[in-house]
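The next block holds one structure in the form of structure tokens; read it before the comments.
Keep in mind that the numbers below use all heavy atoms, side chains included, and drop hydrogens, waters and symmetry copies. On a predicted model such as this, the values are computed, not experimentally measured, just so you know.
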Amino acid sequence: MTTTAARDVALAWLDARLAHDLDAVLGHAADNIVYDAPGTHLTGKDAFREAEAMFLPMITGVKVISAFGNDTSALLMYSIDTAPVPANTTGAHLTVTDGKISTLRIVYDQTPFAALQGGEGQ
């Protein structure tokens with residue numbers, strides 16, 4: 001029987017982000033979480049807290065495109081709206097250990113964010 005425990009954790013994490021609920025976001029993270037996103041590699045819940053605390057206030061909406069998962073991993077594809085950049089398609093792969101996110105890898109198009117900062121993107 002296939003279960004979707006990791007997918008459920010992933011969707012709950014995404015819902016907590018949309019609600020700007022940092023405590024709930026962190027409640028889904030393992031103490032030793034490893035977080036990778038374009039230009040970012042963080043280890044540990046304190047570093048993850050800092051990153052999420054800076055990003056959460058920018059979120060204005062999320063539309064889940066697809067969500068897959070089993071007991072230990074999940075893959076989300078979603079469009080995230082932020083105050084500076086609306087509708088940025090994002091992929092997230094999460095590994096879940098003992099009900100907590102132990103690894104989180106996010107990919108998204110950096111070009112619109114770089115343009116806002118006067119750069120050309122990567």
Side-chain angles (χ1 to χ4, degrees):
M1 176 172 143
T2 302
T3 63
T4 59
R7 185 193 68 152
D8 296 344
V9 169
L11 290 170
W13 161 77
L14 193 58
D15 286 344
R17 291 181 101 202
L18 178 59
H20 302 159
D21 187 341
L22 183 58
D23 289 335
V25 167
L26 295 171
H28 295 296
D31 289 340
N32 60 347
I33 187 170
V34 175
Y35 172 77
D36 288 300
T40 304
H41 174 80
L42 305 171
T43 301
K45 205 173 208 178
D46 289 340
F48 183 62
R49 173 192 306 272
E50 288 181 34
E52 289 289 82
M54 288 184 352
F55 187 70
L56 292 183
M58 290 189 272
I59 299 172
T60 59
V62 172
K63 178 183 176 192
V64 175
I65 298 165
S66 193
F68 296 96
N70 56 31
D71 281 339
T72 59
S73 67
L75 183 61
L76 301 179
M77 178 71 72
Y78 54 96
S79 178
I80 190 163
D81 298 325
T82 63
V85 177
N88 194 297
T89 302
T90 302
H93 179 266
L94 302 88
T95 302
V96 175
T97 306
D98 297 326
K100 303 284 185 181
I101 301 167
S102 53
T103 63
L104 173 58
R105 293 179 183 92
I106 296 179
V107 293
Y108 60 90
D109 181 6
Q110 299 178 64
T111 308
F113 293 99
L116 290 171
Q117 297 175 349
E120 295 183 20
Q122 298 179 359

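In this view, R49 satisfies the side chain to side chain donor-acceptor pair (under 3.5 Å) rule with no residue, not counting sequence neighbours. Judged as a ring pair (Phe, Tyr, Trp, His ring centres under 6.0 Å), and not counting sequence neighbours, the contacts of F48 are Y35.
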Stepwise side-chain contact (heavy atoms from CB on, under 4.5 Å) test for T90 and I106: CA-CA 7 Å; T90 302; I106 296 179; 3.5 Å; yes
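The shortest distance between side-chain heavy atoms of T89 and Y108 does not fall below 4.5 Å. Residues V9 and L94 form no side-chain contact, since every pair of their non-hydrogen atoms from C-beta on lies 4.5 Å or further apart. Contact of the N32 side chain with the V34 side chain is not registered, since no non-hydrogen atoms from C-beta on lie closer than 4.5 Å. Using a 4.5 Å cut-off on side-chain heavy atoms (C-beta onward), I80 and I59 make contact. Side-chain contact between L22 and L56 is present, with heavy atoms from C-beta onward closer than 4.5 Å.
The hydrophobic cluster containing F68, built from Ile/Leu/Val/Met/Phe/Trp/Tyr side-chain heavy atoms closer than 4.5 Å, comprises no other residue.
Across L75, L104, D36, a single residue satisfies side-chain contact (heavy atoms from CB on, under 4.5 Å) together with H93, and that is L75.
Note on V107 and I65: separate hydrophobic clusters, where clusters join Ile, Leu, Val, Met, Phe, Trp and Tyr whose side-chain heavy atoms are under 4.5 Å apart, directly or indirectly. Hydrophobic clustering (side-chain heavy atoms under 4.5 Å, transitive across Ile, Leu, Val, Met, Phe, Trp, Tyr) groups L14 together with F55.
L18 CG to Y78 OH: the interatomic distance, rounded to the nearest 0.5 Å, is 11.0 Å. Here the OG1 atom belonging to T60 is positioned 4.5 Å from the CG atom belonging to D81, to the nearest 0.5 angstrom. Residue E52 holds its CD atom at 11.5 Å from CG of D21, rounded to the nearest 0.5 Å.
At distances below 3.5 Å, at least one donor-acceptor pair connects side-chain atoms of K45 with backbone N or O atoms of A29. No donor-acceptor pair closer than 3.5 Å links the side chain of T95 to the backbone N or O of S102.
Applying the 6.0 Å contact sphere to CE of M77 captures no more than 12 heavy atoms from other residues, nucleotides or ligands.
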